[in-house]
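Quick note on labels: first sequence line is chain A, next is B, and so on, each numbered from 1.
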Number of protein chains: 4
Amino acid sequence: MPKETFFRLPPARRDRLVDEAIVEFAERSYVEASLSQIAKRARIPKGSFYQYFEDKLDLYRWLLTDEVPRRKRAFLGEDGATGASFWERLALHIERGMAFLVEHPQLARISAAAADPTALPEVRGLHRAICDAGLDELRATLEEGIRSGALGKVNLELATRLVATVIGPGLTDVVLAELGAELHEVLASDDLRARLSARRRRALADQTVAFLRSGLGAPEDSLATPPRGGKARA
Amino acid sequence: MPKETFFRLPPARRDRLVDEAIVEFAERSYVEASLSQIAKRARIPKGSFYQYFEDKLDLYRWLLTDEVPRRKRAFLGEDGATGASFWERLALHIERGMAFLVEHPQLARISAAAADPTALPEVRGLHRAICDAGLDELRATLEEGIRSGALGKVNLELATRLVATVIGPGLTDVVLAELGAELHEVLASDDLRARLSARRRRALADQTVAFLRSGLGAPEDSLATPPRGGKARA
Amino acid sequence: MPKETFFRLPPARRDRLVDEAIVEFAERSYVEASLSQIAKRARIPKGSFYQYFEDKLDLYRWLLTDEVPRRKRAFLGEDGATGASFWERLALHIERGMAFLVEHPQLARISAAAADPTALPEVRGLHRAICDAGLDELRATLEEGIRSGALGKVNLELATRLVATVIGPGLTDVVLAELGAELHEVLASDDLRARLSARRRRALADQTVAFLRSGLGAPEDSLATPPRGGKARA
Amino acid sequence: MPKETFFRLPPARRDRLVDEAIVEFAERSYVEASLSQIAKRARIPKGSFYQYFEDKLDLYRWLLTDEVPRRKRAFLGEDGATGASFWERLALHIERGMAFLVEHPQLARISAAAADPTALPEVRGLHRAICDAGLDELRATLEEGIRSGALGKVNLELATRLVATVIGPGLTDVVLAELGAELHEVLASDDLRARLSARRRRALADQTVAFLRSGLGAPEDSLATPPRGGKARA
DNA sequence: TATGAATGAGTTTTCATTCAT
DNA sequence: AATGAATGAAAACTCATTCAT
């Protein structure tokens with residue numbers, strides 16, 4: 001956690017530091033990110049940095065577990081989906097995720113980085129915790145879906161992880177493909193957001209939910225025959 | 001591409017170099033990986049390395065585009081799925097992917113690294129090419145599925161990317177969860193492979209295919225009501 | 001240009017660095033000169049060097065375009081030749097150049113290095129600029145000599161370049177011959193300066209000016225016959 | 001000196017080696033020149049090189065003291081100036097030097113490099129010997145000029161060195177200025193030679209000789225008043 | 001004799017962190 | 001508390017020369 005001094009910083013100075021840190025960690029992995037760069041671009045002396053944070057990891061940890069989630073919550077606001085069905089709520093969740101990605105690609109990228117492997121044990125611990133929290137939340141959601149009867153009979157663990165991947169990196173890929181851009185272009189430019197209209201986002205969310213709900217199989221065969229017959233196998 | 005010299009190397013020496021390179025690039029990103037480390041662990045002088053490869057990128061490129069795919073093909077052997085249905089072939093593909101991951105986690109990790117973002121343009125180009133090739137192949141497969149009637153009406157681009165994520169990082173996560181291990185433990189240890197039996201792999205593959213085919217929705221509602229009605233929305 | 005840090009350095013430390021850099025660049029070409037050597041001999045860590053200069057070229061550029069000229073000006077002081085004739089001023093200029101060479105051979109050598117060819121484009125640009133500036137100044141001087149009637153009818157470009165060579169590398173050779181030493185001995189030792197008395201310097205300067213003014217031809221034929229007659233040629 | 005094996009080499013192979021060595025040493029100083037580059041471009045194994053020459057210095061020495069002078073003599077052929085006056089012979093010498101420079105800039109550059117300072121004692125010895133030989137020759141020529149009455153009363157040592165600089169680096173500068181090119185462009189391209197016509201070369205040679213013979217002073221004052229009067233000084 | 005390969009000392013440069021003021 | 005500077009370990013890469021076949 002940042003030191004006391006960090007929170008007593010003049011907001012302008014603090015914001016510069018945080019903003020530049022976000023830029024750096026969005027573009028580079030923890031190891032590759034350079035404190036020197038962050039300090040230089042934020043125009044704060046490198047020495048001062050160590051008054052605010054213990055070290056590079058301290059900054060990264062705080063960004064990953066506090067600041068980025070806070071900004072994400074601030075952007076997303078209230079869920080506003082009370083009363084909706086399970087699938088509707090899922091669609092809304094996806095849509096909001098896409099909006100966040102398009103409007104705040106750097107924050108989204110830092111969040112997503114938790115899924116990247118890294119050789120540093122400390123960072124791995126961090127990433128693990130974040131991923132686990134996300135999975136826990138999604139698992140709870142799916143459990144609720146099961147209770148509500150929206151979901152069929154599923155292997156909960158498998159479903160949790162597959163759905164997490166679909167609405168995580170999967171949708172990021174889809175959005176990038178829609179934008180016709182690579183991640184690094186999106187991180188660098190500010191005006192790509194307009195390229196994905198709210199209408200289009202809704203359509204993509206609906207199609208994704210349809211995929212999660214009913215899969216890709218043709219309707220007639222969808223549940224008629226078991227995927228691979230036990231007898232045929234035996 | 002490696003220089004001629006490399007291919008004329010005594011096999012023991014060459015293998016040491018390649019093996020250590022694989023270890024290093026499996027654990028670290030391109031930028032983080034250290035030639036010095038590779039050379040030291042392979043017990044070849046740093047100067048000698050440059051007899052074999054142009055530079056660090058040359059080694060990485062060769063691993064990524066030649067050696068790792070070659071080893072993967074060697075491991076997977078023939079497809080052996082001729083005559084099977086689309087879904088059966090998909091299940092087989094998934095199963096084989098899981099086997100490769102468990103038996104050769106380092107190779108699998110290097111392959112998968114192509115999906116990780118990186119700030120270096122040259123490396124990005126490499127990764128991009130690999131990802132595109134994978135997507136092209138999968139897209140063709142899905143198109144065939146459509147022709148064969150196995151797949152319903154789908155947005156091909158969306159489906160391609162979502163399926164790719166499911167059978168790529170999605171299944172990796174699932175397997176790691178099954179092993180109760182993190183990627184780095186798997187990369188480091190040789191005997192985790194037994195923890196995921198062929199039977200269990202088959203079961204996971206079947207369930208994954210079921211997910212891709214029919215989704216997670218309860219049978220009765222599966223295709224009865226449209227995911228989200230246009231009217232309900234308007 | 002050096003960074004701010006450099007100018008705030010404790011003088012002893014800064015001087016050590018500059019002095020060793022001058023020694024190194026006086027003895028070796030830009031490419032051959034070694035930052036490691038400079039740092040080692042100045043007893044500053046290599047890492048510290050980069051607090052003071054952007055890189056090797058930054059140091060060299062500053063030496064060549066700022067520090068060496070500054071020291072040269074400091075040594076030469078005021079011209080003090082106002083009112084003198086063109087040829088007298090030229091003699092004074094030459095004399096002062098010889099004094100500088102003898103008293104500060106390293107600075108003189110670094111200046112002169114601008115005339116050496118080099119394969120590095122950036123360094124070539126630097127050298128070119130310095131040579132051009134020197135030629136411009138000399139050309140202006142000669143133009144004034146023409147206006148004052150001291151100079152006869154000359155090809156200005158040719159004259160500028162020939163005179164530049166005479167009073168540049170030419171005089172350096174002459175002085176070294178007088179000292180009975182090679183450049184590197186002069187660069188290495190501090191007490192050769194006394195070997196060339198002011199009286200001798202004045203004599204050499206006078207003779208050089210006589211050469212520039214009247215050439216080497218015997219008086220009687222000096223301008224009587226054209227250098228090579230058109231007819232004689234045809 | 002090269003080893004026996006070198007002279008027994010198939011001419012094509014030997015020529016490739018020599019030609020590439022000339023290219024390399026023309027562009028770079030002894031230290032900067034790279035044997036690896038020479039060997040690679042000449043397509044001879046680096047190991048073989050050491051069958052032909054003791055080391056880098058051996059090659060350089062042979063080029064500088066044997067091969068380049070031999071090629072220079074071959075280009076210049078017979079002097080053909082018997083019977084001409086001292087000044088005519090000098091003009092011819094200069095003209096031939098310019099022709100050599102324009103037609104064989106690489107050979108000329110290697111010759112001229114002997115005047116460049118270097119930190120390596122062995123190379124310094126080489127350069128010194130070459131320069132001294134050139135000066136000896138020129139001194140003898142001037143002595144003959146004195147005997148023939150063409151030259152006035154001169155300080156022989158001073159005159160030798162000043163004339164050497166004028167017709168050496170001085171004329172090179174002049175020619176480069178005429179070509180509107182830098183040395184490195186001339187070294188790299190083959191067709192700049194046409195830019196300096198024989199007629200223009202002759203004119204430059206004549207003007208240079210006029211400079212050496214009569215200096216730059218205006219005719220009326222040229223020898224009337226001593227360069228700087230003893231009285232004026234006192 | 002030919003030669004491909006091996007090698008270690010060398011190069012410039014970056015970086016996170018500590019220290020002194 | 002602020003901060004400018006110091007620093008050493010690390011990085012990728014090049015080179016002339018030697019060695020073994």
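From Lys3(B), atom NZ reaches atom OH of Tyr50(B) across 10.0 Å, with rounding to the nearest 0.5 Å.
In this structure, Asp66(D) does not pair ionically with Arg71(D), as no charged nitrogen and carboxylate oxygen lie closer than 4.0 Å. The existence of a salt bridge linking Arg16(D) and Asp19(D) is excluded, since no basic side-chain nitrogen approaches an acidic carboxylate oxygen closer than 4.0 Å. The pair Glu24(C)-Arg41(C) meets the salt-bridge criterion, since a charged nitrogen lies less than 4.0 angstrom from a carboxylate oxygen. Ion pairing between a basic and an acidic side chain is recognised when a charged N comes within 4.0 Å of a carboxylate O; Arg109(C) and Asp116(C) show such pairing.
As rounded to whole Å, 13 Å separates atom P of dT14(E) from atom CZ of Arg28(A). As rounded to whole Å, 17 Å separates atom C1' of dT3(F) from atom NZ of Lys40(A). As rounded to whole Å, 13 Å separates atom P of dA2(F) from atom CD of Glu4(A). As a whole-Å value, the separation of Leu17(D) CG from dT3(E) P is 12 Å. Atom P of nucleotide dA5(F) and atom CD1 of Ile44(C) are separated by 14 Å, given to the nearest angstrom. Distance, Leu59(A) CG to dA16(E) P: 11 Å, rounded to whole Å. In this structure, Ile38(A) atom CD1 and dC15(E) atom P are separated by 11 Å, rounded to whole Å. Taking atom CG on Asp58(C) and atom P on dT13(E), their separation rounds to 10 Å, with Å as the unit.
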When you check every protein heavy atom under 4.0 Å of nucleotides 13-21 of chain F, what one-letter string (B, S, -) results, 5' to 3'? BB-BBB---
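Across all strands shown, Tyr52(B) has heavy atoms under 4.0 Å from sugar-phosphate atoms exclusively, and none from any base. Residue contacts shown for Phe53(C) are absent, as no nucleic acid heavy atom lies under 4.0 Å away. Among the protein residues, Leu9(B) comes within range of the sugar-phosphate backbone only, with heavy atoms under 4.0 Å from sugar or phosphate atoms but none that close to a base.
Across every non-hydrogen atom of Tyr60(C) and His127(C), the tightest pair is OH-NE2, 2.8 Å. Minimum interatomic distance between Val68(D) and Leu107(D) (heavy atoms only, all atoms of both residues): CG1-O, 3.6 Å.
When the side-chain nitrogen and oxygen atoms of Arg8(D) are compared with OP1 and OP2 of dA2(E), none of them lie within a distance under 4.0 Å. Thr5(C) has a side-chain polar atom (N or O) that falls below the 4.0 Å cut-off from OP1 or OP2 of dA5(F). The side chain of Arg13(C) contributes no N or O atom lying less than 4.0 Å from OP1 or OP2 of dA5(F).
Both distances falling under 3.5 Å, in either a Watson-Crick or a G-U wobble arrangement, place dT11(E) opposite dA12(F). With a 3.5 Å ceiling on both atom-pair distances, the Watson-Crick or G-U wobble partner of dT18(F) is dA5(E).
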